[in-house]
Structures are given as C-alpha cells and as structure tokens.
Asks: 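Quick one: structure below, then a few questions.
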Amino acid sequence: MAWGKRKDLLGIEDLSREEIEAILDTAESFKDVSLRKIKKVPTLRGVTVVNFFLEPSTRTRTSFELAGKRLSADVINISASSSSILKGESLKDTAWNIEAMNADILIVRHRAAGVAHFLSGMLDCSVINAGDGAHEHPTQALLDLFSIRERKQKIDGLTVAIVGDIAHSRVARSNIFALRKLGALVRIAGPGTMIPLGVEAMDVQVCRSLDEAIDGADVIMMLRIQRERQEKSLFPSVREYARFFGLTRQRLQGAKKDLLIMHPGPINRGVEIAPDVADGPYSIILDQVTNGVAVRMATLYLYSGAKR
Amino acid sequence: MDRHSPETRIISAEKMAELIQDLAERIVRENPDLTDVILVGIRSRGAHLAGRIAGKVREMTKVLLPVGILDISLYRDDLRSRIDQPELIRTEIPGPVEDRNIILVDDVLFTGRTIRAALDGIMDLGRARKIQLAVLVDRGHRELPIRANYTGQYVPTSLEQTIRVRFSEDGEEDGVILRELAR
C-alpha cells in the first residue's frame, strides 16, 4: 500500500494517485465494519478527535463524529456558536487551546480558504480539512470516488459531468483534482458567472449547456445552488436556473442505463435536481452518505498513524 | 531482518504436509458434528493453512468446511506504537458466526497477542458457540494465557530467532524456516 505517512489531509491536490487509492482500499474494510451488528472496532481507543466546525454542517460533522466513534476514539464537537470565538477569541488561540488538551486529530471547517493549511503549520496534531471556503473538501471527493468505484469497479476512462456553481464549490475543486488523477474525463457546466476563469488549466472540458455536459456521461454530479449567496446575483432567478441547469427526467431520456447521479447534499429539490431524479433509479445520493462514514474512518485510521 | 543471517529449514515440505494432515484428523475427531464448523484463518498465512486443512478434511470426510479470512489489524494492541498503519485486508467470513463452532487457524503461535486480537475480532462479529485454535507451529514465549487446541509441532526457540512458515500459495516452497536474528 502506498501510504507515505502524512500528518495532515489538507486537499486532494497534494495527494498522489497511489495515496488516493490507498485511502479508498482502506475504506472498503471499514465499510464492512459499518454493516455489522456491532459497528465498532477498538482501533483508535484513547485517541482524541476534535470536530472544529466554524461553518454549518450536518452531514460532514455527523459523518466524522460517527467515524471516530466507530473506531472507539473520543470525539468532541466545537461549533462557532458554542465556542469562545463569539467572545472574540482568535482562531489561533482557540486552536492552541484545543491542542493543549492533547487532541490527536483536529478536523476543521471554516469559511476561509487556507485555514486548514494555516492550522497545520502551527499545530503538532494531525489536521484534516473538512472544507475551507471555496478551496477544497478532500473527504467529500474521496467518498464520491469510493461511491463511483463501488458501482463501476473503476474510475479510469469514465466521463463525469459536474454541474452547477463550479466557481464557489470546494466539492467541485476537490473532485476535479481527484477524478483527473485517477484518469476520469471531467466535463463542467453551469451559468457563465459560475464557471471560474482559466478552469481549463485543471484539464477539464467546459460545456455550454447541461445537455452537452450530460450527453453520454457515466456519472453526473449536481452541485448545490448556494442560495445564501443569491444576493450576489450570479443568475437572474432560481426558476431560470432550474430551467437551464436543473436535472429533470426529460433531460435524462438518452442517458446510459448504468448512469450514476450524485449530489454532495444538502439538495434543493426542484432547483438543481428534480425530486423524481433525486429519488430515482440512477441516484446514489444516499449511498454517498453511507460511504462517507467508511471513507472518514479510513482517513482517521491512516492519519492517526503519523506521529510527530 | 538481516538477509545474510543463517537460515535453517527445520520442517520440510513433506513433514509440513504430514503435520497438516494430522491437524485435520484431530479436528475431525474432536468435532463429531462438522456442519457448524467454520475455519477462520488469520491473514495471510493462517488463511493458507485453513485452506489446506479444509482440503484434507474434505478428502477424509467429503465435508467441505467453510473457510474465512480474518484481518486483525484493527484489534492490535500495538497500533499506536507503530510508525505506519498496517494495510487492511477485508475480513471475509462466510455466513454469520452466531452459534457456530469457530476454529481459528494461524501458522505460528508466539506471544498470543495475535490470538487475543483475533478473539476480539470474532466476538465483535457475533456470539460464536465455541472458538478453538489450530496452529502449525508453537514456538513458545507466551505473553498471555492462551493455548492452542490443535498444535502441529512444538518448536523451542529463543527470542533471538525468527520462525517463518512458507506456503506455495505465496510462490515459495512449503516448509518452516528458522533464522538467527542479526545482533
């Protein structure tokens, strides 16, 4: 196994193909653990894992918490609203205080890109990026790859369409890096205001319409329309967005029989994805959630091994 | 391990086949009802041995015992002191262990720590009716109160020696190799 003892998981960009495959292979063993009656192994007994989430999250935080608990680690959660950040404590001071309590792994989510890098440089404990601004969300990409590989038995040579707000999406960025490293072809589509300038440098094909992007695709990843950013008016209206970039059953009429439809959640039903598509036969949206726990168990297992 | 250290083949391929035959015979004798037995090999050489035993049992009784593979990495007691994390192999046990008669199989019994981990691993999969242990070689130096039900051969060793069982499944000639650790 190509596991090169890394301290931190900051982004997919830094990982080699072999390292990504090592994490996915390890996750298979952990998926088995989650399917057992006793969903717990003693592997990380005595290890302290801190979920440090300064941005809202249900899926990722719960997933990391469950992953840690199924490995018998002690997991604590710190969120912005319940921490002394509200009293004006700086990020640096909060992080130092958490480490002073002998945390072994710090999982961090923050609205600003680069926070995980910043913390990894000042802390001895392992830092795992659970999403930093529009930069990266590595474990989401890993669980997406795991879910694709589970269904298709390979990544190499698949055509994957990523649709939506590419410019603001850390999920898209991490997935583009991961999919390209593992040999998939990546197409992206979205309103012009949501396609980042110079994205061709990431070796992806930019499509002008949803139909062009999904034609003959093996996998379609729909991104969430971040309605909270709507005041920036990146598109005229939610209705118009849904008409041009919403995935509906009609648009899938020529789809491959074994097409996979994915979404990192939370979904806006009827906006980027129609309810009957989200719940339909091609959808593996809930498998992604199940696999997320296994992939995060693998991540905690592998990164807990790297001691200072 | 120093690759120049002297190597002695203490058990030949023929002798090893005899020991495996002997293990299989005793398992058949001690377990009159073979229908609820599952052989569970501890990866990776224990799994080879379990497969061999199953073959012998089949020759004798026509009963094909199910063979599983157990990876104990997640149950090790030295995980935190290791520099790297051991690579995981999927644990694959055919069918539920609930109420079954499990025979754990490993190539060498040494400190007993592997078996302790394996017992925990099996118990997390369900409540077996009975768990037994079969090993090809017992080299002594137990650190836990663990003993095998079926032992191929006792081989007295010192802690300055290593024992390695080789299997043709790994592309090597069958046999048991004793080596002196380089000081």
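Since this is a predicted model, take the numbers as computed values, not measurements. Below, read A as the first sequence line, B as the second, and so on, with proteins coming before strands; counting in each chain starts at 1.
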Asks: Counting only non-hydrogen atoms closer than 4.5 Å, does Lys39(A) touch chain B with its backbone (N, CA, C, O), its side chain (CB onward), both, or neither?
Replies: neither
Asks: Side-chain contact, heavy-atom cut-off 4.5 Å: Phe167(B) with Met16(B)?
Replies: yes
Asks: Are the charged groups of Arg43(B) and Asp71(B) less than 4.0 angstrom apart, N to O?
Replies: yes
Asks: Sort by residue number and list every member of residues 125-155 of chain B having a non-hydrogen atom under 4.5 Å from chain A.
Replies: Leu125(B)
Asks: Should the pair Arg116(B)-Asp120(B) be classified as a salt bridge under the 4.0 Å nitrogen-to-oxygen rule?
Replies: yes
Asks: Check whether the side chains of Gln288(A) and Ser147(A) place a donor and an acceptor atom closer than 3.5 Å, and report yes or no.
Replies: no
Asks: Regarding Glu7(B) and Arg164(B), does a basic nitrogen lie under 4.0 Å from an acidic carboxylate oxygen?
Replies: no
Asks: Scan side-chain atoms only and decide if Ser168(B) and Arg52(B) contain a donor-acceptor pair under the 3.5 Å cut-off.
Replies: yes
